[in-house]
Amino acid sequence: YLRRRQGLEAIDYPSPAIEGVLSRTLGVPIFQEQVMQLAVVAAGFTPGEADQLRRSMAAWRRKGGLEHFRERLLRGMAERGYAQAFAERIFAQIQGFGEYGFPESHAASFALLVYVSAWLKRFEPAVFTCALLNSQPMGFYAPAQLVRDARAHGVDVRRVDVTVSEWDCTLEPAAGDSLALRLGLRLIKGISATGGKRVVHARAVQALRDVQDLARRAQLSRGDLKVLADAGALAPLAGHRRDAWWQVLGVEQDLPVLQGAEIREPRPALKVPTEGEDLVYDYNSTGLSLGRHPLALLRPQLRRQRFRTAAELRELDHKRLARAAGLVISRQCPSAENGIVFVTLEDETGMVNVVIWKPLVERFRRIVAGARLLGVVGIWERHGEVTHLIAGRLEDHSHLLGELTTRSRDFH
């Protein structure tokens with residue numbers, strides 16, 4: 001269908017009857033209703049038999065039961081003058097519906113959802129991303145990818161902050177008439193909804209003075225305060241993470257005699273965390289960072305190993321030998337039969353789609369299933385705007401990430 005829509009393949013109709021069924025989809029059956037109509041007009045099925053065919057299409061991968069229609073379809077089409085090759089092609093497409101086919105009404109619903117989502121993403125990207133983050137866990141991309149894409153499209157994303165963040169992600173006024181996205185407390189690993197909402201309530205009554213004040217009025221345990229410090233959410237009250245950890249250790253909430261007392265002591269001059277340390281804590285506590293991408297910090301090592309960035313790959317011609325490395329953000333294996341695994345890699349400049357054929361999957365099974373930072377040597381393929389790296393060798397460079405925790409969406 002796509003080839004025909006692009007003018008790359010001729011559109012043919014074996015008969016006016018079939019043209020009446022398939023003209024809207026350029027001669028290719030796409031919807032269940034079209035398959036049922038084809039069975040009636042091209043093979044002489046009754047409406048009841050066509051409905052039985054529809055039911056079998058939905059179940060044949062699980063239970064079998066479609067093959068017995070083959071002879072009936074081929075014979076009916078032959079009796080009406082259709083070529084054997086056309087009849088076989090139609091049956092093969094009917095079999096394919098067991099993998100992806102659905103009614104036209106479903107397609108219309110999905111199309112509407114896609115259109116509305118695309119409109120929001122284009123014209124209200126902050127609203128779009130905020131809604132997705134508040135609906136997690138869901139969808140194909142993790143919060144790190146959603147936030148990175150939003151920032152790439154001009155959205156001002158602001159970090160989690162106990163003095164302003166709500167439990168959910170929210171929208172704030174930004175420059176001009178635009179909206180900024182404020183990350184919510186819900187993104188912090190280890191804090192409960194109850195604890196997060198107590199923070200919001202305490203802040204609403206009176207502005208927070210310091211970490212001790214937050215702990216007392218929001219009734220937070222030292223554990224709650226620790227995860228807030230890990231996420232950098234105490235920065236407005238306590239400064240950088242090491243200062244925040246020190247102040248959390250000084251909270252004496254369990255000693256009633258000291259509650260309400262103002263204790264003054266000099267702060268130690270603690271070393272500011274490095275960019276890499278902050279990055280590790282960002283990812284480990286919220287699953288994302290508003291700092292540089294991890295691979296931006298590793299780029300010197302990756303350059304020495306001749307790995308190209310995603311942006312550089314996009315400039316390569318078809319069939320070029322290429323090396324790429326990135327964080328694994330998804331692994332997909334659509335069919336257990338052919339064993340192909342599709343992996344999406346991400347670096348500081350974008351994403352790379354990798355195709356790993358079955359023999360290579362079997363050879364590098366441990367790396368395919370477990371690598372967090374994957375290096376790929378292969379052939380770069382380009383078909384119009386669609387690009388893939390066809391893997392020839394795989395390398396696990398996860399050790400370069402150190403303590404950085406990353407997650408991927410695997411085999412869903």
Side-chain angles (χ1 to χ4, degrees), residues 140-142 144-149 151-152 274-280 282-284 287-333 340-411:
F140 193 81
Y141 296 109
Q145 284 80 54
L146 297 173
V147 167
R148 192 167 295 117
D149 180 78
R151 297 180 77 193
T274 65
E275 182 182 12
E277 289 171 333
D278 272 335
L279 192 65
V280 168
D282 282 344
Y283 268 85
N284 292 355
L288 59 90
S289 177
L290 300 184
R292 288 198 293 169
H293 191 279
L295 264 63
L297 278 64
L298 296 175
R299 185 54 56 187
Q301 295 102 302
L302 299 175
R303 286 279 183 218
R304 288 195 289 272
Q305 298 183 60
R306 296 179 290 114
F307 287 118
R308 298 176 186 262
T309 66
E312 291 167 341
L313 286 176
R314 288 194 289 270
E315 301 300 318
L316 282 186
D317 294 329
H318 183 53
K319 292 294 185 183
R320 286 285 303 277
L321 179 67
R323 296 171 60 87
L327 299 180
V328 177
I329 64 171
S330 74
R331 299 174 175 90
Q332 301 292 311
C333 187
I340 301 173
V341 174
F342 298 94
V343 174
T344 302
L345 303 182
E346 179 192 72
D347 68 14
E348 70 273 32
T349 68
M351 297 184 188
V352 178
N353 295 315
V354 179
V355 179
I356 310 174
W357 296 106
K358 184 176 181 178
L360 202 68
V361 172
E362 294 174 348
R363 179 181 169 193
F364 293 97
R365 186 168 298 280
R366 181 186 61 80
I367 294 178
V368 171
R372 295 181 295 131
L373 175 53
L374 179 64
V376 182
V377 182
I379 302 298
W380 182 249
E381 292 198 349
R382 176 186 298 279
H383 302 282
E385 295 297 316
V386 179
T387 56
H388 293 90
L389 182 58
I390 309 300
R393 189 172 79 247
L394 304 176
E395 303 170 357
D396 188 351
H397 294 283
S398 302
H399 63 281
L400 294 177
L401 297 176
E403 298 179 2
L404 183 75
T405 300
T406 61
R407 292 179 295 169
S408 63
R409 178 185 168 92
D410 295 338
F411 306 114

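When reading the values below, keep in mind they use all heavy atoms of this one structure, side chains included, and skip hydrogens, waters and symmetry mates. The model shown is predicted, which means the values in this text are computed figures rather than measured ones.
In terms of modelled atom types and a separation under 3.5 Å, the side chain of Gln305 and the main chain of Leu302 share no donor-acceptor contact. Judged purely by atom type and a 3.5 angstrom limit, Asp347 has no side-chain atom pairing as donor or acceptor with the backbone of Gly326. In this structure a side-chain-to-backbone donor-acceptor pair under 3.5 Å is missing from Ser330 to Ser408. Arg151 places a side-chain N or O within donor-acceptor distance of the main-chain N or O of Leu290, the cut-off being under 3.5 Å.
When all heavy atoms of Leu297 and Gly276 are compared, the pair lying nearest together is CD2-CA, 3.8 Å. Of all heavy-atom pairs spanning Arg314 and Thr349, the tightest one is NH2-O, 3.3 Å. The shortest heavy-atom contact between Arg306 and Arg323 is O-CB, 3.5 Å. Of all heavy-atom pairs spanning Arg320 and Asp317, the tightest one is CG-O, 3.3 Å. The two residues Glu348 and Thr309 have their closest heavy-atom pair at OE2-CG2, 4.2 Å. Nearest heavy atom pair, residue Arg372 against residue Ser398, reads N-OG, 2.8 Å.
Atom-to-atom distance recorded for Met351:CE and Leu327:CG is 10.5 Å, nearest 0.5 angstrom. Atom CZ of Arg303 sits about 9.0 Å away from atom CZ of Arg308, to the nearest 0.5 Å. To the nearest 0.5 Å, atoms CZ (Phe307) and CG (Leu298) are separated by 11.5 Å. In this structure, the separation between CG on Asn284 and CG on Leu279 is 9.0 Å, given to the nearest 0.5 Å. Of the inter-residue distances, the one linking Leu313 atom CG with Leu345 atom CG reads 9.5 Å to the nearest 0.5 angstrom.
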Exercise. What's the verdict on side-chain contact (heavy atoms from CB on, under 4.5 Å) for Leu373 and Asp396, showing C-alpha distance, side-chain angles and the deciding distance?
Worked result: CA-CA 6 Å; Leu373 175 53; Asp396 188 351; 5.6 Å; no
Problem set entry | Intermediate values then yes/no, side-chain contact (heavy atoms from CB on, under 4.5 Å), Tyr141 and Thr344 | CA-CA 11 Å; Tyr141 296 109; Thr344 302; 5.5 Å; no
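With respect to Arg409 and Glu346, no salt bridge is recorded, no charged nitrogen being found less than 4.0 Å from a carboxylate O.
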Please output the side-chain donor-acceptor pairs of residues 384-392 that fall under 3.5 Å, not counting sequence neighbours, one pair per line with the distance.
none

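Using a 4.5 Å heavy-atom threshold, the side chains of Val355 and Phe342 count as touching. In this structure, Leu146 and Leu288 have side chains that are not in contact, with every pair of non-hydrogen atoms separated by 4.5 Å or more.
Counted within 6.0 Å of CD on Glu362, heavy atoms from surrounding residues, nucleotides or ligands total more than 12; the atom is thus considered enclosed.
Not a single salt bridge (Lys or Arg N to Asp or Glu O under 4.0 Å) links Arg407 to another residue, sequence neighbours left out.
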